[in-house]
Enquirer: 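Let me give you the structure first, and then I'll get to my questions.
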There are 2 protein chains.
Amino acid sequence: MGLAERKEREKNELRELILMKAREIIIREGQNKLSIRKIAAEIEYSPATIYLYFQDKDEILYQMMQKGFELMATSMEDIYHESSPTKRIFLIGKAYIRFGVENQDWYELMFNAVSPMNHIERCKSEWGPGIAIFEYLVSTCSEAISENKLTTLDARILALQLWSTVHGLVCLANTLRLTIVDANCEQGKECDLLDKTLENSMLSLFNYIV
Amino acid sequence: MGLAERKEREKNELRELILMKAREIIIREGQNKLSIRKIAAEIEYSPATIYLYFQDKDEILYQMMQKGFELMATSMEDIYHESSPTKRIFLIGKAYIRFGVENQDWYELMFNAVSPMNHIERCKSEWGPGIAIFEYLVSTCSEAISENKLTTLDARILALQLWSTVHGLVCLANTLRLTIVDANCEQGKECDLLDKTLENSMLSLFNYIV
DNA sequence: AAAAATAATAAACAGTGTTTATTTTGTCAA
DNA sequence: TTGACAAAATAAACACTGTTTATTATTTTT
């Protein structure tokens, strides 16, 4: 008697519909324009209904964050083909920055927003995809370190250095701080400064061996 | 006839009172709890009155940002005594991170918030104190480069590398991303990872000469 | 003292997230 | 098929938010 299953399926379908619409709104109007009431209006349910499927707005944002990680993962797929770990790190950095400036709302959600993290407090150690990306970077750093015989370097610290650099760059760019420091670097468009700084960071981090 | 002056003074006094209360609220309850109505209640005026002294909330946030820069500047005062530019850069980095994690709300306003920047759009090139700090870093980098005879380095790029790294670290720490990646690094308290990464960055950025 | 200018406000508008009590809908046994 | 029960959906309210407008109170000037 597939009744319970059907019920379950229907519940999941509405859950997915809510997330889908939320995604559409974020893409169309930006993250800060997303509201429970707007989702409700678009799926033609009352706002209260959404609370039968999600604990609160934070949980929706948390789910959106997960979707963002999926997006990022697919945008980085072709990098894995690169065999040289050093070059791979460079490509990861470039792709990371690219994703960050081209998907500002997702990026904000994934790496800057605190409200979806409030939700994590409850279901501890659930920032899975985020950790996965970082751990991938760590192991790539390990490979690169042994390839370049830079035994003095700690892979974890190196990974964090890289992450901080690109994260810092993306944040500064997205919040218009680079525009101010360097007028040539306008929001949205490809910015030399970003690439140049990343390149320099790579060079110095690998002790000018690259 | 000091009437116009008195009027002007009174107007400025209320302006300052508004900013003072806003500051108190931010310190007491955090930036996202700051509201026009709360300020109004605390200064015992109606919310509408505030709009006679400030265009909108963004302008208040912008003014708060300026206060934040003053705060940061005073917290960095003793660094100027250091004569070695290389050491000075390191001290700036440490002080920057320290300020960032200890004054999260100010930091958010100064280096991450977009809404006060909306206000900048109107009164272009007004992120003065922010630029000042960056330019100070650039010139310190220049000194350090010539001191260490690293003529291949561009002072501006180097400054941006440094800024990105510390900014990235502060952001990751403040938004709980470091907590997740490294369980030993809890919010608020001094975190080894921050210092270690900064140290490593300094080492690599200066080509292991330091 | 009357007129003009300035300052302050009450009330409304259009939003926000969330909760509670109520109503509608669907399921299942008698 | 009908009545009982459970599940799903909602209307309405609560407590907020930023901002505007028309009105009232105060102060200055004539």
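Bear in mind that the values here come from a model prediction, so they are computed numbers and not experimental data. First the proteins, then the strands, lettered A, B, ... as listed; each starts at 1.
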Enquirer: For B:E10 and B:R37, find the nucleotide of DNA chain D closest to each by heavy atoms; which residue's nucleotide sits nearer the 5' end?
Expert: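 It is B:R37 whose nearest nucleotide is closer to the 5' end.
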
Enquirer: Under 4.0 Å between a side-chain N/O of A:Y53 and OP1 or OP2 of D:dA9, yes or no?
Expert: yes

Enquirer: Would you indicate which nucleotide in D:dG18, C:dT19, C:dT9 comes nearest to any side-chain atom of B:S46?
Expert: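 Of all the options, the side chain of B:S46 is nearest to C:dT9.
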
Enquirer: Which nucleotide in the set C:dT18, D:dT20, D:dT10 lies at the smallest distance from any side-chain heavy atom of B:A48?
Expert: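 The listed nucleotide nearest to B:A48's side chain is D:dT20.
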
Enquirer: Find the distance A:I36:CD1 to C:dA14:C1' and express it as a whole number of Å.
Expert: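 My rounded result for the distance is 18 Å.
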
Enquirer: In whole Å, I'd like the distance from the CG atom of A:D58 to the P atom of C:dT18.
Expert: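 Atom CG in A:D58 sits about 7 Å away from atom P in C:dT18.
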
Enquirer: Send over the distance from B:Y45 OH to C:dT6 C1', rounded to a whole Å.
Expert: 13 Å

Enquirer: Rounded to whole angstrom units, what separation is found between the CD1 atom of A:I50 and the C1' atom of D:dA9?
Expert: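 My rounded result for the distance is 12 Å.
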
Enquirer: Quick one: do A:K38 and A:E24 make a salt bridge, cutoff under 4.0 Å?
Expert: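 No, no charged N to carboxylate O under 4.0 Å.
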
Enquirer: Could B:E16 and B:K67 be called an ion pair, given the rule that one side-chain N must be under 4.0 Å from one carboxylate O?
Expert: yes

Enquirer: Answer with yes or no whether the side chains of A:S139 and A:S142 bring together a donor and an acceptor at under 3.5 Å.
Expert: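 No donor-acceptor contact under 3.5 Å links the two side chains.
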
Enquirer: Would you mind telling me which residue lines up with the more 5' stretch of DNA chain D, B:L34 or A:L14, judged by nearest nucleotide?
Expert: A:L14

Enquirer: Give the rounded distance in Å between these two atoms: NZ of B:K38 and P of C:dT16.
Expert: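 So the two atoms are 20 Å apart, to the nearest Å.
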
Enquirer: Among the candidates C:dT18, C:dG17, C:dT20, find the nucleotide nearest to the side-chain atoms of A:S35.
Expert: C:dG17

Enquirer: What is the distance from CD of B:E8 to P of C:dA7, rounded to the nearest Å?
Expert: 10 Å

Enquirer: Picking from B:Y96, B:Y107, B:F134, what satisfies ring-ring contact (aromatic ring centres under 6.0 Å, His included) with B:H167?
Expert: B:Y107

Enquirer: Starting at atom NZ of B:K57, determine the distance to atom P of D:dT20, rounded to an integer number of angstrom.
Expert: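 My rounded result for the distance is 14 Å.
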
Enquirer: Can a salt bridge be assigned to the pair B:E135 and B:R156 using a cut-off of 4.0 Å between side-chain N and carboxylate O?
Expert: yes

Enquirer: Between A:Q55 (CD) and C:dG17 (P), how many Å, whole number?
Expert: 16 Å

